[in-house]
Amino acid sequence: MQRVERFELQVDAGFADFIENQALPGTAVPTDHFWRGLSEIVHEFGPRNRALLLKREDLQDRIDDWHREQRGQKFDPESYRAMLGDIGYIEPSQGECAISVSGLDPEIKSISGPQLVVPVTNARFTVNAANARWNSLYDALYGTDALGNLPPPGEFDVKRGEKAVAWAKTFLDDIFPLIHASHASATGYAVSDGDLAVATAAGITAKLRDGRQFAGFTGLAECPDSVLLRNHGLHVEIRIDRADSVGSRDAAGVADIILESAVTTIIDCEDSVAVVDAEDKIQAYRNWLGLMKGELEAEVEKQGRRFVRRLAADRRYIAPDGTDLTLRGLSLLLVRNVGLLLTTPAILDRDGNEIFEGLLDSVCTVIIALHDVRESRRNSRHGSVYVVKPKLHGSQEAAFTGEVFSRIEKLFGLPANTVKIGIMDEERRTTVNLRECIRAVAGRIAFINTGFLDRTGDEIHTAMEAGAFLRKSDVKAADWLAAYEDWNVECGVSCGLAGAGQIGKGMWAMPDLMHAMLKEKLNQPLAGASTAWVPSPTAAVLHATHYHRVCVKDRQTDIRDSNRRTDLARILNVPLAFDHHWSEDEIRREVENNLQSLLGYVVRWVDQGVGCSKVPDISDTALMEDRATCRISAQHIANWLHHGVVDKPFVEAALQRMAEVVDQQNQGDPDYQRISPGFDGLAYQAARMLVFSGRDQPSGYTEPILHRFRRKAKQQAAQAY
């Protein structure tokens, strides 16, 4: 790898070229100023970063020692909680916390709706996600199992289409009711004296029950091309085209119903990508740069047709009073940096060590965002940069993150708190100290959410020495998880995030099961969450219907006024299997389920560099998997191995059986590399290490092992080439 020197940094030559000739031009930041500032940040904050990681290890060692001392005794929750306080794991409360953040865009501050998470390294997915602000409800209903079953193959099914239209018209009646009429009986839409006028089959002209819901139109008032409605801050467009194949069958000429859907999107540099070296980092930053400059595009092949997909333009309407109305065409973009753990070979410090990747992400994603902040403001109208910071452990790490961004703001001449922070409440130490974490960045906090997958992995690792854990399904059903979800919303509301930031919930991990999602994910806005993650633009439009049915603002007000407080003891109720009596078959199925999931993910990560994808589970149900799901599987088996529920030969045999299953599931992938019968490839070695060395991994994270083997795979591929 060729390197060049920049102010005591040894920089990969290709990376330096990207920064100097692509990222910096247009930012008004001189090249030397950038490299000097990066070097100062790396050498000042790097040792502090390392010290915070050592503190994690020290706290974990103390917790492990306590559990070992208690072995053979009945678990005492009060003593456990006292110990966590004594060692500083639970921080002393500083009283009520009140945030004060300015410069927030309405998508963050006041609009509740779905949130997409997309790997930054995949340009096509990224453009699709950015464009997912507006989506077809008809397509989402017809093309998925949302109606209860999948569409038949072949030509358009008229009856299914009619069923989709009926569902959508019922939705309109529920959310935008007419006076003495139904949208299903509409024969025409028009605008009269600034109001929506709906002609019906009964010969009457109906109006909206709440006229304030009429937001605008396109075309002619007496014969509009579309009608725009608004509810709970979200828009719905009724598209009218009597020449359209669908509109020609509709009495009112309605060709589609378009919902404002993915209000925000997280562009992910972390869990959903496989970025292990300078080459990968350039690809990630180049796509982020394309988004910030509004230039990113992707070539798409669909139904035998090739075309280029570009970022959507804003949408223009005529308001009820006749003035122009412009609505954003793109989702508001946040960027997720990596956490504190990882280092990157893209740059070495003055001592020849890899620098912390989180520091590099912090500097580079902000410098690239300057193309938006100082030029177009296509993304943030307020000139803010939204950075989601994952895997923080406690308020000291949150405060450290805030200090890093303060230094970056000074480096680039930005006003204080230009960079807004999203804290992912996905580590146990952050959960129990969430108010203090929010307090530590009270001037820039814009987002908190629950990440139940990583949170489960950390639950297992933190209490690894406490005993054998319940089976995964029982861990998920245990009271600690429900308490954690409630606690997160309560903390956010009590600190002032309601109406002043996002309070989010985690991912729906089954992208093909939209019927179930429509039923279950309604619970998240009901719980007071202003956003929740979805796996696709199609899922976003379906989940958007939930935010029309629930006024999140009212739910958050109810929570605040009730002064509801979840007992911390419930969160600290470790889901252990104190008196398990599992059969051999139950144990075998649990281990095989974990191993199949782990192998199915790792083979794509290591061999193909795919960080997140639909991975079929042991029953062939497609699940969206990333490093968090891998972390759970590895930690769960490591826990059972440690406490003698299973032994190494049992797991080795199960690994080989599941390798054959994964091979069978991937036989249609031309890029797939078989695991069996050799069981000696890099992906298989990585999977074994994740299981058998899982207990020794920092916080149970999978990244160190995955990165090591992915780098080896890339080196082998380069040598073969």
Step by step, would you call Ile503 with Val493 a side-chain contact (heavy atoms from CB on, under 4.5 Å)?
CA-CA 8 Å; Ile503 300 175; Val493 169; 4.0 Å; yes

Looking only at side chains, do Thr326 and Arg316 share a donor and an acceptor under 3.5 Å apart?
yes

Other residues, nucleotides and ligands only: do more than 12 of their heavy atoms fall within 6.0 Å of CG on Asp324?
no

Kindly indicate whether the side chain of Val101, heavy atoms from C-beta on, has any atom under 4.5 Å from the side chain of Asn417.
no

Backbone N/O of Val120 and side chain of Asn287: donor-acceptor pair under 3.5 Å:
yes

Under the side-chain contact (heavy atoms from CB on, under 4.5 Å) test, residues paired with Ser182 that sit two or more places apart:
Asp173, Ala184, Ser185

Hey, are Arg309 and Asn131 close enough side-chain-wise for a donor-acceptor pair under 3.5 Å?
no

Is the distance between the ring centroids of His183 and Phe171 under 6.0 Å?
no

Restricting to side-chain contact (heavy atoms from CB on, under 4.5 Å), what partner residues turn up for Leu481, sequence neighbours left out?
Phe452, Lys476, Tyr484

Show me the pairs that pass side chain to side chain donor-acceptor pair (under 3.5 Å) and involve residues 489-507, at least two apart or across chains.
Gln115-Gln502, Thr264-Gln502, Arg435-Ser494, Glu485-Lys505, Glu490-Arg564, Glu490-Thr566

Is there side-chain contact between Ile448 and Asn488, with heavy atoms separated by less than 4.5 Å?
yes

Quick one: do Thr265 and Val117 satisfy side-chain contact (heavy atoms from CB on, under 4.5 Å)? Show the steps, please.
CA-CA 6 Å; Thr265 291; Val117 184; over 6 Å; no

Please say whether more than 12 non-hydrogen atoms of neighbouring residues, nucleotides or ligands are located less than 6.0 Å from CG in Asp321.
yes

The complete set of ring pair (Phe, Tyr, Trp, His ring centres under 6.0 Å) pairs with one or both residues in residues 114-156, sequence neighbours excluded, reads Tyr142-Phe156

Whether Ser272 side chain and Cys612 backbone form a donor-acceptor pair below 3.5 Å
no

Contacts of Lys163 meeting salt bridge (charged side-chain N to carboxylate O under 4.0 Å, His left out) (sequence neighbours excluded), chain-then-number -> none

What side chain to side chain donor-acceptor pair (under 3.5 Å) pairs are there with at least one residue in residues 240-251, not counting sequence neighbours?
Lys169-Asp250

How far does CD of Gln524 sit from CG of Leu522, to the nearest 0.5 angstrom?
9.5 Å

Would you tell me whether Asn337 and Glu270 have side-chain atoms, one donor and one acceptor, within less than 3.5 Å of each other?
no

Return each pair, listed once, that meets side chain to side chain donor-acceptor pair (under 3.5 Å) where at least one residue sits in residues 196-211; pairs must be two or more places apart or across chains.
Asp210-Arg212

One should read off an interatomic distance between Ile108 CD1 and Leu497 CG, to the nearest 0.5 angstrom, of 10.5 Å

Could you pull out the closest heavy-atom pair between Gln213 and Pro177, with the gap in Å?
OE1-CD, 4.3 Å

I need the single residue from Ser380, Ser110, Ser384 that forms a side chain to side chain donor-acceptor pair (under 3.5 Å) with Asp105. Which is it?
Ser380

With sequence neighbours excluded, tell me which residues meet side-chain contact (heavy atoms from CB on, under 4.5 Å) with Val615.
Arg604, Ser613, Glu625

Taking every non-hydrogen atom, the tightest pair across Pro114 and Thr531:
C-OG1, 3.7 Å

Is there a salt bridge (Lys or Arg N to Asp or Glu O under 4.0 Å) between Arg328 and Asp314 once you walk through the steps?
CA-CA 5 Å; Arg328 294 179 56 119; Asp314 286 344; 5.8 Å; no

Exercise: identify the closest heavy-atom pair between Gly501 and Ser530
O-OG, 4.1 Å

Run the side-chain contact (heavy atoms from CB on, under 4.5 Å) test against Met510 and tell me which residues pass, sequence neighbours left out.
Trp508, Leu513, Leu623

Which donor-acceptor pairs under 3.5 Å do side chains of residues 549-556 form with protein atoms, sequence neighbours excluded?
residue : atom : partner : partner atom : Å
Arg549  : NH1  : Asp174  : OD2          : 3.1
Arg555  : NE   : Leu526  : O            : 2.6
Arg555  : NH1  : Asp558  : OD2          : 3.4
Arg555  : NH2  : Leu526  : O            : 2.9
Gln556  : NE2  : Gly528  : O            : 2.9

Would you sort out whether Met517 and Leu542 count as a side-chain contact (heavy atoms from CB on, under 4.5 Å), showing the intermediate values?
CA-CA 8 Å; Met517 190 198 77; Leu542 294 171; 3.8 Å; yes

Among side-chain atoms of Asp225 and Thr218, is any donor-acceptor pair under 3.5 angstrom?
no

Could I get the full list of salt bridge (charged side-chain N to carboxylate O under 4.0 Å, His left out) partners for Glu301, not counting sequence neighbours?
Arg306

Sorted by chain and residue number, the ring-ring contact (aromatic ring centres under 6.0 Å, His included) partners of His543 (sequence neighbours excluded) come out as His546, Tyr547

Taking Asp620's backbone N and O only, do any of them form a donor-acceptor pair with Asp617's side chain (distance below 3.5 Å, no angle check)?
yes

dist Ser261:OG -> Asn135:CG (nearest 0.5 Å) comes out at 4.5 Å

